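Values in this document were obtained by computation on a predicted structure and should not be read as measured data.
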2 protein chains.
Amino acid sequence: MKFYEIFKQKLNEAGYKLTTQRRVVFEVIGANEGKHFSPEEIYDIVKIDHPEIGLATVYRTLKLFEKIGIIYRLNFNDGCSRFEMSHLDDESHRHHHLVCIECGKILEVKIDSLQALESFVEKEYSFDIQNHTLKFYGLCSDCKKRRNKCKMETTES
Amino acid sequence: MKFYEIFKQKLNEAGYKLTTQRRVVFEVIGANEGKHFSPEEIYDIVKIDHPEIGLATVYRTLKLFEKIGIIYRLNFNDGCSRFEMSHLDDESHRHHHLVCIECGKILEVKIDSLQALESFVEKEYSFDIQNHTLKFYGLCSDCKKRRNKCKMETTES
DNA sequence: TCTTATTTGATTTTTATTATCAACAAGAGT
DNA sequence: ACTCTTGTTGATAATAAAAATCAAATAAGA
Ligand SMILES: [Zn+2]
Ligand SMILES: [Zn+2]
Ligand SMILES: [Zn+2]
Ligand SMILES: [Zn+2]
């Protein structure tokens with residue numbers, strides 16, 4: 001897997017050692033594309049094969065990975081940070097998130113067409129944009145259906 | 001001021017009483033348009049004229065205001081929530097934020113042209129969008145200048 | 001292998017936020 | 001204006017995510 005080589009290189013470039021703990025955390029995040037795990041959730045998975053690894057190490061490792069650009073820290077206002085792999089080989093495919101305000105489900109939007117807006121902002125505010133986050137809040141298709149069903153049940157009589 | 005009337009109405013509609021504490025917190029946020037205060041910062045300002053008001057009340061009030069749509073909760077990954085008034089009379093003027101990754105300064109972007117993108121997402125993902133947040137991370141003009149100056153000083157010899 | 005600076009696990013500490021609960025006060029009705 | 005009722009508050013304790021501490025362990029270069 002190419003990701004792993006890039007990971008090792010990034011660690012090395014930044015002057016950090018490749019430890020078992022760091023490899024394991026990397027693998028857990030890498031094997032769960034599309035998920036948005038909290039430190040505790042990552043810890044629970046790590047523990048299965050490596051019960052000797054401590055929670056503090058997971059927190060430390062996530063912070064380090066974020067610093068050297070291996071993962072992104074996400075915030076969905078649920079009381080903890082959540083993480084996902086950054087696309088190590090192709091930064092241009094950054095995706096965004098749909099957050100359902102009813103069931104909390106998080107969907108990923110695989111487009112990123114903010115070029116025009118970014119250009120405008122860079123000129124207008126003299127601000128050098130290096131990254132962005134975009135979240136849409138609303139109702140997922142399931143919750144939309146459920147709401148309609150409830151509405152029908154109340155009106156039918 | 002019209003905002004205050006809308007505030008009272010929203011409280012009433014949701015079945016909450018208008019207390020001195022709620023009025024004072026509302027006034028502090030309303031008098032600081034463009035700022036993004038943390039609960040502690042709001043508490044410090046509230047204390048000046050109303051030392052009897054407690055921190056727990058400030059937290060409770062902010063949570064309540066968020067629930068009934070009077071304020072927005074913002075997250076800049078600095079360890080606490082930050083708040084700003086929602087535009088009570090005109091929701092269409094939602095703004096976004098430029099976060100400087102060097103000095104931490106936060107600028108506001110007074111445009112919101114995501115209509116095309118929103119329409120696409122709504123259709124493609126069958127997701128009913130009700131709100132969104134957009135943040136740009138990068139270098140503000142000051143930090144850009146400072147970096148260039150440093151670069152010049154190192155190269156001149 | 002040896003050396004050394006880095007990293008780790010266990011634990012404690014910090015700090016933002018929430019829960020608790022008796023005292024209090026807003027607002028409706030009289 | 002006077003109750004009465006129920007929502008609200010202040011002080012404090014409790015909770016929980018994240019960071020700090022530090023002796024012991026270990027990766028990686030010589
Ligand atoms: Zn949903
Ligand atoms: Zn994602
Ligand atoms: Zn700056
Ligand atoms: Zn703002």
Could you pull out all donor-acceptor pairs under 3.5 Å where a side-chain atom in residues 56-65 of chain A meets a protein atom, sequence neighbours excluded?
unit_1	atom_1	unit_2	atom_2	d
T57(A)	OG1	R60(A)	NH2	3.1
T61(A)	OG1	T57(A)	O	2.6

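Phosphate contact (OP1/OP2 of dT26(D), side-chain N/O of Q21(A), threshold under 4.0 Å): absent. A close approach under 4.0 Å does occur between a side-chain nitrogen or oxygen of R22(B) and OP1 or OP2 of dT9(D). Taking only side-chain nitrogens and oxygens, T57(A) never comes nearer than 4.0 Å to OP1 or OP2 of dT8(C).
Between L134(B) and L114(A), some side-chain heavy-atom pair lies under the 4.5 Å cut-off.
We find that NZ of K67(A) is positioned 13 Å from C1' of dT6(C), with the value rounded to whole Å. When rounded to the nearest whole Å, the span between CD1 of I53(A) and C1' of dT7(C) equals 12 Å. Atom CG of L64(B) and atom P of dG7(D) are 13 Å apart (whole Å). For the pair K8(A) NZ and dA27(D) C1', the interatomic distance rounds to 13 Å; values are reported in whole Å. If you take CZ of R82(A) and C1' of dA18(D), they are 15 Å apart, rounded to a whole angstrom. Atom CZ in R23(A) sits roughly 16 Å away from atom P in dT7(C) (whole-Å rounding). Rounded to an integer number of Å, the gap from CD1 of I42(B) to C1' of dA16(C) is 14 Å. Rounded to whole Å, atom C1' of dA19(D) lies 14 Å from atom CD of E66(A).
Qualifying side chain to side chain donor-acceptor pair (under 3.5 Å) partners for K47(B), counting only residues two or more places apart in sequence or in other chains: none. Listed by chain and residue number, nothing satisfies the side chain to side chain donor-acceptor pair (under 3.5 Å) test with D44(A) (two or more places apart in sequence, or in another chain).
Rounded to 10 degrees, the angle between the two end axes of the helix from dT1(C)-dA30(D) to dT30(C)-dA1(D) is 40°, with five pairs used at each end.
Defined by atom type and a distance below 3.5 Å, a donor-acceptor pair is missing between the side-chain atoms of Q9(B) and E5(B).
Remark: K105(A) NZ is packed, more than 12 non-hydrogen atoms of other residues, nucleotides or ligands lying under 6.0 Å away.
Relative ring orientation between Y4(A) and F7(A) is described as tilted, the plane-to-plane angle lying within the 30° to 60° band.
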Evaluate the criterion side chain to side chain contact (heavy atoms under 4.5 Å, CB included) for residue pair I45(B) and F37(B); output intermediate values, then yes/no.
-> CA-CA 10 Å; I45(B) 298 173; F37(B) 284 149; 3.6 Å; yes
Which nucleotides of nucleotides 17-30 of chain C have their base under 4.0 Å from a protein heavy atom (B), which only their sugar-phosphate (S), and which neither (-), written as one string 5' to 3'?
-> BBBB-----BS---
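Pairs of residues two or more places apart, or lying in two chains, that qualify as salt bridge (Lys or Arg N to Asp or Glu O under 4.0 Å) and include a residue from residues 69-82 of chain B are E41(B)-R82(B), E66(B)-R73(B), D78(B)-R82(B).
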